[in-house]
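Nothing here was measured: the structure is a model prediction, and the numbers come from that model. Sequence positions, counted from 1, serve as the residue numbers for this chain. Note: hydrogens, waters and symmetry copies are ignored here, and every other heavy atom, side chains too, is used.
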Amino acid sequence: MKLHTTLISGTLVTAVAAEERRPGNNSRLRYLKADSKSSKRAGKAGKSSYSYSNSYSSSYSMSYGPPPSPPGPVPPTVPPTTLPPTPNPVPKPASPTAPPTINPTTPPPTDQPTGSCCGTVRETILATVYNGGNDSIFNKQPAKDAIEWLEKDACTCGDFCPSLEQRYIQATLYFATKGDEWDNCSAPDDIKDNSKCNVQSSYGYSNGFHWLTCTTECEWGGNRCNKNGYINVTDIEDNGLNGKLPSEIGALPKLSALALEQNSLKGTIPSSYSDLTDLAVLDFDFNELTGSLFDMSAMSRLQQLDLNNNNLSGKIEGLGWEKTNLKFLDLSYNSFSGTIATEIGLLPELRSLQFQCNDFVPPLVWDKCPSKDLIADVEVCEDSNCDCTGIEPTECATKQDKRNEG
């Protein structure tokens, strides 16, 4: 046992340190007892602290080395500095602002184009139908009305950009023949009308849609398209068409039947119809057409040419008949003159010919005669080497009588 004396906070304390080893524990337990005298000496500590301190220091240092320095005074605890609260920013007075501008009320948008051709209609038609012609084409009828309708059509319907060209061409036919006055299938007031109408049609749709609507032109009354969507039939019979044939029809590349019989068409047959190389049937009988025939040397598929009961005139030689595949030819009740072209007699498939009531002159001498049904004026037949049924001039009825008979 060892005695230790030390000065703690100005009080002399005698401590007894006991060493005890406990199994498995290397620590030392110290038991400190405060000397009962220490409390009595506490009051004198202030007076004798200096001398006692010196003697104590001397005796302590001899046994244990220099005593520890007495603890210095504990500095007062400084409370944490509290920052003054940050004052809330004083809001600046609001600057005067102008009253909000009220935009003018705009009506709801109309139907907008869904096709990509809305803004390029004129350029497309000039390039495809007129081979790059001048925009002044659209200053004349029927092109003027047709292009204005097409722009509305392309920017309203929007689904027919691939067929823009043939929709335009059909529109020229409509306006050129006063479509608004047709007996049936005229354009309705609403371009989106999809009701049906009826026309007389041998080759096309007799029960189709009204013309110039947002329906497919392939099913406008009297029309029909092939499997690729090209118009190959326009057949509107006895429907009050009144006007001139538009030249634009000649730009329909796959047209195989054009039949506008028993109407009131006037003017000439445009020479551009020579470009209808797929045409098999051309039927304009019982109209009021004038002028001469066009060249047919490029129309190798033509099988039926029916032009009776018009006011056509001129000679028919040298028009490329031998290049066609004609089986039926009717030029009766017109004013054709000259001789009947010998090349017509070379056509191997020809079965029916009617030339009566014209101004043809004999002779009719053909190397190959049709197997049947050759009719001509009597004087032509008298000089023919073919089996020909002659019609006397007195038997030539008027065109109106023939129309009534038909």
Side-chain angles (χ1 to χ4, degrees), residues 202-203 232 249-250 253-259 261 268-287 289-393 395-396:
S202 301
Y203 310 101
N232 62 354
I249 292 289
K254 300 299 180 181
L255 191 65
S256 62
L258 179 60
E261 61 179 301
T268 62
I269 302 173
S271 60
S272 62
Y273 290 14
S274 296
D275 298 329
L276 296 172
T277 55
D278 277 12
L279 197 67
V281 176
L282 183 64
D283 188 353
F284 290 159
D285 66 9
F286 292 99
N287 279 285
L289 297 172
T290 59
S292 59
L293 290 182
F294 49 87
D295 183 80
M296 288 169 276
S297 57
M299 305 175 74
S300 60
R301 298 185 181 183
L302 186 63
Q303 298 181 33
Q304 176 181 333
L305 182 60
D306 196 357
L307 299 176
N308 60 281
N309 292 84
N310 279 282
N311 296 316
L312 297 168
S313 60
K315 297 182 179 182
I316 64 171
E317 298 100 326
L319 297 180
W321 296 100
E322 70 279 8
K323 303 291 184 180
T324 68
N325 191 32
L326 278 172
K327 298 178 180 180
F328 179 92
L329 175 61
D330 190 349
L331 302 181
S332 61
Y333 295 91
N334 280 285
S335 298
F336 292 115
S337 59
T339 58
I340 297 174
T342 57
E343 56 264 37
I344 295 176
L346 300 176
L347 295 171
E349 301 295 326
L350 197 58
R351 296 292 180 270
S352 177
L353 300 96
Q354 297 189 46
F355 297 119
Q356 71 270 25
C357 300
N358 278 285
D359 296 325
F360 290 120
V361 296
L364 175 59
V365 180
W366 288 350
D367 294 333
K368 180 178 175 60
C369 295
S371 60
K372 60 178 180 178
D373 207 10
L374 171 59
I375 304 174
D377 295 331
V378 65
E379 65 270 21
V380 173
C381 286
E382 285 176 351
D383 290 337
S384 173
N385 62 329
C386 299
D387 184 8
C388 180
T389 300
I391 299 296
E392 295 285 350
E395 297 180 44
C396 289

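The CG atom of Asn325 sits 10.0 Å away from atom CG of Leu350, with the distance rounded to the nearest 0.5 Å. Between the CD1 atom of Ile316 and the CG atom of Asn358 there is a distance of 8.0 Å, given to the nearest 0.5 Å. Taking OG1 from Thr290 and CG from Leu312, the interatomic distance works out to 7.5 Å, rounded to the nearest 0.5 Å. Here CG of Asp377 is found 12.0 Å from OG1 of Thr389. Values are rounded to the nearest 0.5 Å. To the nearest 0.5 Å, atoms CG (Asp283) and CG (Asp285) are separated by 4.5 Å. How far OG of Ser332 is from CD of Gln356: 4.0 Å, rounded to the nearest 0.5 Å.
With hydrogens and angles ignored, the 3.5 Å screen pairs no side-chain donor or acceptor of Asn334 with any backbone N or O of Phe336. Remark: side-chain polar atoms of Ser274 are not paired, donor with acceptor, to backbone N or O of Phe294 under 3.5 angstrom. Looking at Asn310, its side chain does come within 3.5 Å of a backbone N or O of Leu289 through a donor-acceptor pair. For the pair Glu379 (side chain) and Pro362 (backbone), a donor-acceptor distance under 3.5 Å is absent. Between the side chain of Asn311 and the backbone N or O of Ser335, no donor-acceptor pair lies under 3.5 Å. At least one donor-acceptor pair closer than 3.5 Å links the side chain of Ser256 to the backbone N or O of Asn232.
Ile269 has its side chain within reach of Leu307: a pair of non-hydrogen atoms, C-beta onward, lies under 4.5 Å apart. For the pair Phe355/Val380, no side-chain contact is recorded, criterion being any heavy-atom separation below 4.5 Å from C-beta on. Between Val378 and Pro393 the shortest side-chain heavy-atom distance falls below 4.5 Å. In this structure, the side chains of Ile340 and Leu331 stay at 4.5 Å or more apart for every pair of heavy atoms. Residues Asn308 and Gln354 are not in side-chain contact: their nearest non-hydrogen atoms beyond the backbone lie 4.5 Å or more apart.
No more than 12 heavy atoms of other residues, nucleotides or ligands sit less than 6.0 Å from atom CZ of Arg301. Atom CG of Asp387 has 12 or fewer heavy atoms from other residues, nucleotides or ligands within 6.0 Å.
Trp321 pairs with exactly one of Thr342, Leu346, Leu329 by the side-chain contact (heavy atoms from CB on, under 4.5 Å) rule, that one being Leu329.
The two residues Gly318 and Asp295 have their closest heavy-atom pair at O-OD1, 4.2 Å. Heavy atoms only, all atoms of each residue included: Leu276 and Met299 are closest at O-CE, 3.9 Å. Summarising the geometry of Tyr203 relative to Gln304, their closest heavy-atom pair is OH-OE1, 3.8 Å, with the distance given to 0.1 Å.
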Check the pair Cys369 / Asn385 against side-chain contact (heavy atoms from CB on, under 4.5 Å), numbers first and verdict last.
-> CA-CA 8 Å; Cys369 295; Asn385 62 329; 4.2 Å; yes
Please test Thr339 against Leu364 for side-chain contact (heavy atoms from CB on, under 4.5 Å), starting from the C-alpha separation and ending with a verdict.
-> CA-CA 7 Å; Thr339 58; Leu364 175 59; over 6 Å; no
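A search for side-chain hydrogen bond (donor to acceptor under 3.5 Å, both in side chains) contacts involving Glu322 returns nothing, not counting sequence neighbours.
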